Amino acid sequence: MLGFRSALTRVVNKYASESEIARTVVESKIHQYGNKKNQVIEITTFEKSTNELRPLLVFIHGGYWQELSIKESFFPSIEAFKNGIGYAAIEYSLAPNVSVSEIVDECEKAINWLFSNVADLGFDQKKIILSGSSAGAHLVAMSLLKINKFSPLGAVLVSGIYNIEPLIGTSIDEALSLTNSQAYENSPINFSLDNFPPSIVSWGENETEQFKKQSKILVNKLIDEGVPVRSLEIEGKNHFDIILDLADLSKGLGCELKMLLDK
């Protein structure tokens, strides 16, 4: 756990520093999607020189449902901006102040808010891609089970956790306090996934076997249910640094994103 914590600290510092740099290059605005202080979305702004609606990449951060915020989540906006793609980072309440179920509900609410407002913000409702890393990938997957009024163009699920029942009783669970029923109800692998859009399921070469296993199980379930899906193991990347290339369309994960956008 000490090694994990050290690695997490290093990469969180990188997320934060690159997000700070991004904000000096890319203009953004904070939007409120709920009444709570941290129910906010940071969205890039473009000059409205034309009537063209741009695609929008939405990102939900990880941190085991108990760490991080939009402060550390704006780093992909630079590469997205370079390619004419909008970027939105969702913030949500954290455990132990709220349960995983409440976090899922917040993310669903944020995504519904985005779909309802993107046209006014200059983005194309038909070209929204939902993405998330680690716990964020789980939150995207859970949101896709719930939203039925709107359909995203695609989903990019990176190093995710799709069955949270094994977390019960672990150190991660100290803040989550999961019950068996909560864990079951918040594990997307337990439900039909036929509402999913075309999806990219990715993980790093240097992940733990549990993350790789969970991703592969999700891929197989999507295939079985007829959902278009591509799986990708990123060479040389680990659980933390894989997401740094999310919006770089010249690299592995970004190339997959480009394929979704070009459809």
Side-chain angles (χ1 to χ4, degrees), residues 58-66 68 90 92-95 98-112 114-115 128-168 170 172-173 175-204 207-233 239 242-243 246 253 256 260:
V58 181
F59 178 68
I60 303 181
H61 67 79
Y64 285 108
W65 308 274
Q66 54 198 280
L68 306 184
I90 292 174
Y92 51 88
S93 303
L94 300 175
V98 293
S99 67
V100 170
S101 297
E102 289 173 299
I103 294 172
V104 169
D105 288 344
E106 286 190 20
C107 290
E108 177 195 0
K109 184 176 183 177
I111 291 168
N112 280 323
L114 277 169
F115 271 100
I128 295 178
I129 291 181
L130 304 181
S131 67
S133 173
S134 192
H138 162 268
L139 293 169
V140 169
M142 286 300 301
S143 296
L144 288 170
L145 295 177
K146 293 172 173 289
I147 58 172
N148 42 40
K149 184 178 178 182
F150 306 108
S151 298
L153 177 66
V156 181
L157 306 172
V158 184
S159 301
I161 305 170
Y162 310 107
N163 176 13
I164 66 173
E165 292 179 80
L167 297 178
I168 294 176
T170 67
I172 293 167
D173 190 37
L176 305 179
S177 300
L178 290 167
T179 64
N180 288 329
S181 61
Q182 285 175 335
Y184 182 88
E185 292 166 1
N186 288 288
S187 293
I189 207 71
N190 292 329
F191 302 96
S192 172
L193 307 179
D194 58 3
N195 194 45
F196 273 45
S199 299
I200 305 300
V201 180
S202 183
W203 59 91
E207 298 270 7
T208 65
E209 286 305 313
Q210 182 62 226
F211 281 109
K212 292 183 179 183
K213 178 182 178 181
Q214 290 222 9
S215 293
K216 292 172 183 177
I217 290 173
L218 180 70
V219 168
N220 289 334
K221 186 171 175 64
L222 288 168
I223 291 171
D224 290 344
E225 298 196 23
V227 177
V229 59
R230 286 174 58 83
S231 59
L232 183 68
E233 179 172 295
H239 186 75
I242 182 174
I243 200 64
L246 172 64
L253 195 55
E256 299 296 323
L260 287 174

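Everything quoted here is computed from the prediction, not taken from an experiment. Sequence positions, counted from 1, serve as the residue numbers for this chain.
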Is there side-chain contact between [X] and [Y], with at least one heavy-atom pair below 4.5 Å?
| X | Y | value |
| --- | --- | --- |
| Met142 | Asn186 | yes |
| Ser131 | Leu246 | yes |
| Phe150 | Ile111 | no |
| Trp203 | Lys216 | yes |
| Val229 | Phe196 | no |

Shortest non-hydrogen contact between [X] and [Y], atoms and distance:
| X | Y | result |
| --- | --- | --- |
| Val219 | Ser231 | CG2-CB, 3.7 Å |
| Gly132 | Val140 | N-CG2, 3.9 Å |
| Ile189 | Lys221 | O-CE, 3.2 Å |
| Pro188 | His138 | CD-CD2, 3.8 Å |
| Val227 | Pro197 | CG1-O, 3.4 Å |
| Tyr184 | Asn190 | O-ND2, 3.0 Å |

Calculate, to the nearest 0.5 Å, the distance between atoms [atom1] and [atom2] belonging to [X] and [Y] respectively.
| X | Y | atom1 | atom2 | value |
| --- | --- | --- | --- | --- |
| Ser215 | Asn220 | OG | CG | 11.0 Å |
| Leu68 | Ile60 | CG | CD1 | 13.0 Å |
| Leu144 | Asp194 | CG | CG | 11.5 Å |

Pairing residues for Ser181 by the side-chain hydrogen bond (donor to acceptor under 3.5 Å, both in side chains) criterion, not counting sequence neighbours
Thr179
Going by side-chain hydrogen bond (donor to acceptor under 3.5 Å, both in side chains), name the residues that satisfy it together with Asp224, two or more places apart in sequence or in a different chain.
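Scan of Asp224 (side-chain hydrogen bond (donor to acceptor under 3.5 Å, both in side chains), adjacent residues dropped) gives none.
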For the pair Val104 and Glu185, evaluate side chain to side chain contact (heavy atoms under 4.5 Å, CB included) and give the outcome as yes or no after the intermediate values.
CA-CA 11 Å; Val104 169; Glu185 292 166 1; over 6 Å; no
Residues forming a side chain to side chain contact (heavy atoms under 4.5 Å, CB included) with [X], sequence neighbours excluded:
| X | answer |
| --- | --- |
| Asn195 | none |
| Ala110 | Tyr33, Ile41, Ile90 |
| Ile168 | Asp173, Leu178, Asn180, Ala183 |

Determine the sole option in Leu94, Leu139, Val98 for which the side chain to side chain contact (heavy atoms under 4.5 Å, CB included) test with Trp65 is passed.
Leu139
Check: Glu102 main-chain N/O paired with Ser99 side-chain donor or acceptor under 3.5 Å:
yes
Donor-acceptor pair, side chain of Tyr92 and main chain of Asp105, under 3.5 angstrom:
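Checked: no pair found.
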Looking just at side-chain N and O atoms, do [X] and [Y] make a donor-acceptor pair shorter than 3.5 Å?
| X | Y | answer |
| --- | --- | --- |
| Glu106 | Ser93 | yes |
| Glu225 | Ser192 | yes |
| Ser134 | His239 | yes |

In a table with atom names and distances, give each donor-acceptor pair under 3.5 Å that connects a side chain of residues 155-164 to protein atoms at least two apart or in another chain.
unit_1, atom_1, unit_2, atom_2, d
Ser159, OG, Glu207, OE2, 2.3
Tyr162, OH, Gly160, N, 3.4
Asn163, OD1, Glu165, N, 3.2
Asn163, OD1, Ser187, OG, 3.4

Please work out whether the ring planes of Phe211 and Tyr64 are parallel, tilted or perpendicular, with thresholds of 30° and 60°.
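Ring orientation, 0 to 90° scale: tilted.
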Carefully, step by step, assess Ile242 and Ser202 under the rule side chain to side chain contact (heavy atoms under 4.5 Å, CB included).
CA-CA 9 Å; Ile242 182 174; Ser202 183; 3.8 Å; yes
